[in-house]
Amino acid sequence: MYKSQLDTLLKASKPPRISFLYGDNFLINYYSKRIAKLLGSEEKHTFYFDEYHSPTINALLCQSSLFSSSSLVVLKLNQKISKTDIALFLQSLSSNTQNALIVEYYQASSKSAADYVRDCKSLAGYFKHPKIPNIAEVRFYELKAHECMEFMRARSKELALKADDRILQQILSLQNNDLALSLNELEKFVLYGQKPIEPNDVDMLCDGIASFSIQELCYALMDKKPFVKMLQTLYEEGVNEIAMISEIQRFFYQLFLFYAYIKTKGKADVNEILGYKPPAEILEHLMKYCILFRESEYICIFELLSTWRYEVSKGRAKQSPYILIKIQELIR
């Protein structure tokens, strides 16, 4: 099934009771929420990545809750589920028609795009059951520019903003066409009320490309990839160096929080660590990178970044290549 076919189902208020969603990260998350809302289940249970435990999940799918008549289980995964587990879940759902299941399947950073597509095709074949007609397996492709604008217009309308296409395109461009970030940026303009949004307002309120590109810079750094050209592009685009250092400090602080929590508790609880659940791709990177340093190395990183900030605040020459190379050398 494709996005257009799913849209037709959802417009008719006929959400699938079982959904297997894969492909574009933004659309997986967006449609999972939309399907969950239409299902209107009285209880919702979400399992993130390493929280996957088939007996617990199956127990929720095959039993009625003591406090509600319907239950929804959402699985956010980047590793294949076994055919046996899927068959077990479908069998439980065939006998408990009040319950529902949504599987969000994301590409793991350790897998190539080809491996991911191959996994998705094999998994999609498992989501079939003779007693359950309303199963949807949906592959989402990356949105085209005009489709991104449709989402931006719809969200702008929901927020009652006075933002024309020129403004919406400006926000998208500032966020490097990252739709999730751009939609979040729109919420900053709610207090404008009926005042038309002007280009200067966007420049003043939106963080711009630096926020997204600095994240890419950090990922390149951690993957031991060349980053100098990326850094040069940031400077050419006029990035505020103090703001860039702050973003990099925040990134490594989050890594340290995950490292310290896992070392103490043996397992990550993202709600306790960050106080919110970031997008799946970001969470996956944080979990992957946090273990690449020891405590002494984290201390060294924070000292290097503090020195960098101090030098810049004194108006001295850019120290970024030297500092970032030193950090990259610390990676195990």
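What you are looking at is a predicted structure, and each value in this text was computed from that prediction instead of being measured. Heads up: numbering here begins at 1 and tracks the sequence. The figures here come from the full heavy-atom set of this structure, side chains too, leaving out hydrogens, waters and symmetry mates.
Annotation: F256 is not in aromatic contact with Y253 [ring centroid separation under 6.0 Å not met]. The aromatic ring centres of F20 and F127 sit less than 6.0 Å apart.
Rounded to the nearest 0.5 angstrom, N58 CG and H53 NE2 are separated by 11.0 Å. With rounding to the nearest 0.5 Å, the separation of CD in E185 from CG in L168 is 12.5 Å. Atom CD1 of I262 sits about 6.0 Å away from atom CD1 of I273, to the nearest 0.5 Å. Note that CD1 of I171 is 7.5 Å distant from OG of S182, once rounded to the nearest 0.5 Å. Atom CG of L324 sits about 8.5 Å away from atom CD of Q328, to the nearest 0.5 Å. One distance of note links CD of E216 with NZ of K225; it measures 10.5 Å at 0.5 Å rounding.
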Starting from the C-alpha separation in whole Å, work towards a yes-or-no answer on salt bridge (Lys or Arg N to Asp or Glu O under 4.0 Å) for D7 and R34.
CA-CA 10 Å; D7 282 331; R34 190 173 168 189; 3.4 Å; yes

Take Y30 and L183 through the side chain to side chain contact (heavy atoms under 4.5 Å, CB included) test and state the conclusion after the steps.
CA-CA 12 Å; Y30 173 83; L183 292 172; 6.0 Å; no

Please evaluate residues E51 and K267 with respect to the criterion salt bridge (Lys or Arg N to Asp or Glu O under 4.0 Å), reporting the C-alpha separation (whole Å), side-chain torsions for both, the decisive distance (0.1 Å), and the verdict.
CA-CA 10 Å; E51 294 176 349; K267 182 180 178 181; 5.6 Å; no

Using side-chain hydrogen bond (donor to acceptor under 3.5 Å, both in side chains), reason through S246 and R309 one step at a time and then give a plain yes or no.
CA-CA 8 Å; S246 296; R309 176 185 282 274; 2.3 Å; yes

Walk me through whether L21 and E137 qualify under side chain to side chain contact (heavy atoms under 4.5 Å, CB included).
CA-CA 6 Å; L21 312 177; E137 57 90 8; over 6 Å; no

Could you go through I86 and L90, starting from their C-alpha distance and side-chain angles, then the distance that decides it, and tell me whether this counts as side chain to side chain contact (heavy atoms under 4.5 Å, CB included)?
CA-CA 6 Å; I86 294 173; L90 296 185; 4.1 Å; yes

With side chain to side chain contact (heavy atoms under 4.5 Å, CB included) as the test, would you mind laying out the steps for Y235 and M244 before giving the verdict?
CA-CA 10 Å; Y235 283 129; M244 179 169 69; 3.6 Å; yes

Give the intermediate values and the outcome of salt bridge (Lys or Arg N to Asp or Glu O under 4.0 Å) for residues E150 and R153.
CA-CA 5 Å; E150 288 173 9; R153 290 188 197 106; 5.4 Å; no

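By the 4.5 Å heavy-atom criterion applied to side chains, F252 and I248 are counted as neighbours. Between V117 and Y22 the shortest side-chain heavy-atom distance does not fall below 4.5 Å. Looking only at side-chain heavy atoms (C-beta outward), E272 and Y261 come within less than 4.5 Å of each other. Inter-residue side-chain proximity for L27 and F151 is flagged as met; some heavy-atom pair is nearer than 4.5 Å. With contacts defined as side-chain heavy-atom distances shorter than 4.5 Å, the pair S306/Q249 qualifies. Contact annotation: the side chain of R118 never approaches that of K121 to less than 4.5 Å [non-hydrogen atoms, C-beta and beyond]. Looking at L330 and C300, their side chains come closer than 4.5 Å, going by heavy atoms from C-beta outward. Side-chain contact between S70 and E43 is absent, with no heavy-atom pair separated by less than 4.5 Å.
Side-chain N or O atoms of Q5 include one that pairs as donor or acceptor with a backbone N or O of Y2 at under 3.5 Å. Judged by distance alone, the side chain of S32 and the main-chain N or O of I28 form no donor-acceptor pair under 3.5 Å. Using a distance-only test at 3.5 Å, with no hydrogens or angles considered, no donor-acceptor pair links the side chain of T97 to the main chain of L93. Although no hydrogens or angles enter the test, the distance criterion places a donor-acceptor pair under 3.5 Å between the side chain of N96 and the main chain of C62. Counting only distance, with no hydrogens or angles, the side chain of R17 and the backbone of N99 share a donor-acceptor pair below 3.5 Å. Q232 places no side-chain N or O within 3.5 Å of a backbone atom of K229 that could act as its donor or acceptor partner. Judged purely by atom type and a 3.5 angstrom limit, E311 has no side-chain atom pairing as donor or acceptor with the backbone of W308. Looking at S122, its side chain does come within 3.5 Å of a backbone N or O of D119 through a donor-acceptor pair. A donor-acceptor contact shorter than 3.5 Å is absent between the side chain of S156 and the backbone of M152.
Residues P15 and L10 approach most closely at CA-CD2, 3.9 Å, considering heavy atoms. Heavy-atom minimum distance, P199 versus I167: N-CD1, 3.5 Å. Across all their heavy atoms, L143 and C148 have their closest contact at CB-SG, 3.8 Å. Closest heavy-atom contact between A100 and L39: CB-CD1, 3.8 Å. When all heavy atoms are compared, the tightest approach of S94 to Q91 is OG-O, 2.6 Å. Y31 and K3 make their closest contact through OH-CE, 3.3 Å (heavy atoms, listed as atom of the first residue, atom of the second, distance).
A continuous path of hydrophobic side-chain contacts links V228 to L304 [ILVMFWY only; heavy atoms under 4.5 Å]. Residues Y52 and L60 share a single hydrophobic cluster, defined by chaining ILVMFWY side chains whose heavy atoms lie under 4.5 Å apart. With hydrophobic clusters built from ILVMFWY side chains whose heavy atoms lie under 4.5 angstrom apart, L88 does not share a cluster with L77. In this structure, L257 is not a member of the same hydrophobic cluster as I299, with clusters built from ILVMFWY side-chain heavy atoms closer than 4.5 Å. Cluster membership check: Y141 does not share its hydrophobic cluster with L179, using side-chain heavy-atom separations under 4.5 Å among Ile, Leu, Val, Met, Phe, Trp and Tyr.
In this structure, Y105 and Y116 have parallel ring planes: the angle between them is below the 30° cut-off, well short of the 60° mark. Note: F293 and Y298 have perpendicular aromatic rings, judged against thresholds of 30 and 60 degrees for the angle between ring planes.
The local environment of NZ in K326 is sparse, with at most 12 non-hydrogen atoms from other residues, nucleotides or ligands closer than 6.0 Å. In this structure, K195 places its NZ atom where more than 12 heavy-atom neighbours from other residues, nucleotides or ligands lie under 6.0 Å away.
Under the side chain to side chain contact (heavy atoms under 4.5 Å, CB included) test applied with K44, the options I102, V73, L72 reduce to a single match, L72. When each of T84, I18, I57, V103 is tested with F89 by the rule side chain to side chain contact (heavy atoms under 4.5 Å, CB included), just one qualifies, namely I57.
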Under 3.5 Å donor-acceptor pairs involving side-chain atoms of residues 217-224, not counting sequence neighbours:
| from | atom 1 | to | atom 2 | distance (Å) |
| --- | --- | --- | --- | --- |
| D223 | OD1 | Y289 | OH | 3.0 |
| D223 | OD2 | Y289 | OH | 3.0 |
| K224 | NZ | I331 | O | 3.3 |

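Electrostatic pairing of E147 and K144 does not count as a salt bridge here, judged by no charged N lying under 4.0 Å from a carboxylate O.
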